[in-house]
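Remarks on the structure that follows.
Nothing fancy with the numbering, it's 1 onward along the sequence.
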Amino acid sequence: MPASVTVPAGNRLVIDLTNTDPTTTHDLVFANGARTNRLRPGTSTTLDVGVVGTSLKGWCSVVGHRQMGMVFAVDVTGAPGSETVSAGHDGHTTSNPATTTAPLDLHAAFGPGFTAVDPDLPPAPSATVHRVTLTARELELEVAPGVWQRRWTFNGAVPGPTLRGKVGDRFIITLINDGSMGHSIDFHAGALAPDRPMRTIPPGASLTYTFTATKSGIWMYHCSSMPMSAHIAAGMHGAVIIDPPGLPKVDREFVLVQSELYLGANRTKGSADEISADAVLAEQPTGMTFNGIAGQYDQRTLTAQVGDRVRIWVLDAGPNRPSSFHVVGGQFDTVYAEGAWLLRPGPDSGGSQVLGLMPGQGGFVELVMPEAGNYPVVSHLMVDAERGAHGLIHVTPTP
């Protein structure tokens, strides 16, 4: 506020900017290159835009804020024309969303120092009270072979830590915002009024979020600050697994969280862009991932032995794309989705080929692979498998 200012051509424009938003940082950038630093809540600065001769557009460069309406117009009178540079949310020239969705080279090799996200899922701890600290951090991560993005994370990883417990367990979560903007958290595993525990907190602040698990399933948690689509797609999501009562033990247990990548133009380590909010709004993902990195389990495979009973928990974190989870060469004899047993082994039971999930949904499947070999795990929305929602289970002979 205000949304615009009228300036006679040839006048010098100086702007006093105050951030009165109590929860997050903002700034002001112009297409001519003038810009402020990011302002924390309650702080002010002065920006000398210079002598203006043509109309200018300004906006907040925090990802997604421009798309939500944080724009400012400098209307110049007494001279024709307007600026010719079209700038994006980060102050750089805007790319056509189509140019940010160039295919990733998923056949390229990860570097020798690459470490895949561990898909193995340990059993639920015996404790009934779980105390967890989640710190919101923004940092560069590799999201495909040789491809980097500045990600927004819980505890420096995408997805955030997987939490596990039982019905009746109590979770005490401390959220610390160590980022450059407002962040928050929403646990689907808890039922409570969102007003206080899910509020956005500014950089440097913290809050405590407590809930009791009353229903079993695999539940999503995520940052709920607006625009929520950007915060989720940037990496701020994870899973809480609440075991169904009497859940039997299996030989191997994995967790896979499907999510989308929306990359900016610069994908180089050391100068990688943040998420492209324009691509999120256009629903044009650059790539798809299991556990935050496209194609990682093609090169760092999941492992099992012939005859092992394998349980795979799957969560679709979205924010926009559904999943059709499938193991090529395998058949599911157990399917559990959104709190319901859809299929269990028995003499007269059939089999299942996919676990269909909408964004925010989850479940698990079980299968036994009869032969040694490599079994691809994919989303059977095949364009998404080809974008990176793909991996392998390497099955070795029984000793």
Side-chain angles (χ1 to χ4, degrees), residues 121 124-125 128-136 152-155 157-175 177 182-201 207-245 247 254-260 289-292 311-323 325 335-342 355-365:
L121 180 66
T128 58
V129 177
H130 309 265
R131 299 180 184 273
V132 180
T133 297
L134 297 177
T135 301
W152 308 347
T153 74
F154 292 115
N155 290 9
V158 178
T162 298
L163 312 182
R164 192 172 192 182
K166 305 170 292 298
V167 172
D169 285 4
R170 190 164 176 250
F171 290 80
I172 303 172
I173 312 296
T174 300
L175 173 66
N177 186 355
H183 291 301
S184 60
I185 198 162
D186 170 6
F187 281 94
H188 293 190
L192 71 175
D195 305 62
R196 294 288 297 170
M198 300 182 197
R199 69 187 186 275
T200 297
I201 57 173
L207 62 77
T208 299
Y209 187 130
T210 302
F211 68 90
T212 299
T214 60
K215 307 288 185 183
S216 57
I218 176 169
W219 303 88
M220 183 176 175
Y221 69 85
H222 60 89
C223 180
S224 57
S225 299
M226 296 299 289
M228 201 180 304
S229 58
H231 284 252
I232 294 172
M236 300 194 78
H237 57 258
V240 179
I241 294 174
I242 306 301
D243 288 353
L247 184 68
F254 305 109
V255 58
L256 298 176
V257 179
Q258 179 180 302
S259 64
E260 301 139 34
T289 81
F290 287 139
N291 291 346
R311 177 182 295 137
I312 307 174
W313 293 85
V314 185
L315 173 70
D316 185 351
N320 296 326
R321 300 283 294 172
S323 180
F325 184 76
V335 179
Y336 180 89
E338 286 294 284
W341 293 95
L342 304 184
L355 172 62
L357 302 170
M358 296 299 291
Q361 291 187 322
F364 69 77
V365 294

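Contact between G318 and P359 at its shortest, heavy atoms only, is CA-CB, 4.2 Å. Across all non-hydrogen atoms, the minimal contact from P159 to G238 is CB-CA, 4.1 Å. A pairwise comparison of heavy atoms in V257 and A317 identifies CG1-CB, 3.8 Å as the closest pair.
Residue F325 holds its CZ atom at 9.5 Å from CG of L357, rounded to the nearest 0.5 Å. Rounding to the nearest 0.5 Å places OG1 of T128 at 10.0 Å from CZ of F171. The structure places OG1 of T200 at 11.5 Å from CD1 of I185, a figure rounded to the nearest 0.5 Å. The structure places OG1 of T212 at 6.0 Å from CZ of R170, a figure rounded to the nearest 0.5 Å. Atom CG of L207 is separated from atom NE2 of H183 by 12.5 Å, given to the nearest 0.5 angstrom.
Checking side-chain atoms of K166 against main-chain N and O of S216 turns up no donor-acceptor pair under 3.5 Å. Put simply, the side chain of N177 gets close to the backbone of I201: a donor and an acceptor are under 3.5 Å apart. Side chain of D243 to backbone of R164: no donor-acceptor contact under 3.5 angstrom is found. The backbone N or O of A337 sits nowhere less than 3.5 Å from a side-chain atom of Q361 that would complete a donor-acceptor pair. Looking at Q258, its side chain never comes within 3.5 Å of a backbone N or O of L315 through a donor-acceptor pair. Using modelled atom types, one side-chain atom of N155 and one backbone atom of T135 make a donor-acceptor pair closer than 3.5 Å. With hydrogens and angles disregarded, a donor-acceptor distance shorter than 3.5 Å links the side chain of N291 to the backbone of V255.
The shortest side-chain heavy-atom distance between I241 and L163 does not fall under the 4.5 Å cut-off. Put simply, the side chain of P161 does not reach to within 4.5 Å of the side chain of V132, judged on heavy atoms. Counting heavy atoms from C-beta on, the side chains of P197 and F187 never come closer than 4.5 Å. Proximity of H222 to M236: side-chain heavy atoms (C-beta onward) are nowhere separated by under 4.5 Å. Using a 4.5 Å heavy-atom threshold, the side chains of H188 and V240 count as separate. No side-chain heavy atom of I218 sits under 4.5 Å from any side-chain heavy atom of I242. The shortest distance between side-chain heavy atoms of L134 and F154 falls below 4.5 Å. Taking 4.5 Å as the limit, every side-chain heavy atom of F364 sits out of range of all side-chain heavy atoms of I312.
Here the rule is side-chain hydrogen bond (donor to acceptor under 3.5 Å, both in side chains) with S259, and of T289, N320, D316 only T289 fits it.
T174 and Y209 share no donor-acceptor pair across their side chains, judged by distance under 3.5 Å alone. Looking at H231 and H237, their side chains never bring a donor and an acceptor atom within 3.5 Å of each other. In this model, a donor atom of one side chain and an acceptor atom of the other lie less than 3.5 Å apart for S184 and S225.
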Is there a side-chain contact (heavy atoms from CB on, under 4.5 Å) between W313 and L121? Walk through the geometry before answering. CA-CA 9 Å; W313 293 85; L121 180 66; 3.5 Å; yes
Could you walk me through whether R311 and L247 satisfy the side-chain contact (heavy atoms from CB on, under 4.5 Å) test, starting with their C-alpha distance in whole Å, then the side-chain angles of each, then the deciding distance to 0.1 Å, before giving a yes or no? CA-CA 11 Å; R311 177 182 295 137; L247 184 68; 3.5 Å; yes
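Within the structure, salt bridge (charged side-chain N to carboxylate O under 4.0 Å, His left out) contacts touching residues 210-227 (residues at least two apart or in different chains) do not occur. Within the structure, salt bridge (charged side-chain N to carboxylate O under 4.0 Å, His left out) contacts touching residues 191-200 (residues at least two apart or in different chains) do not occur.
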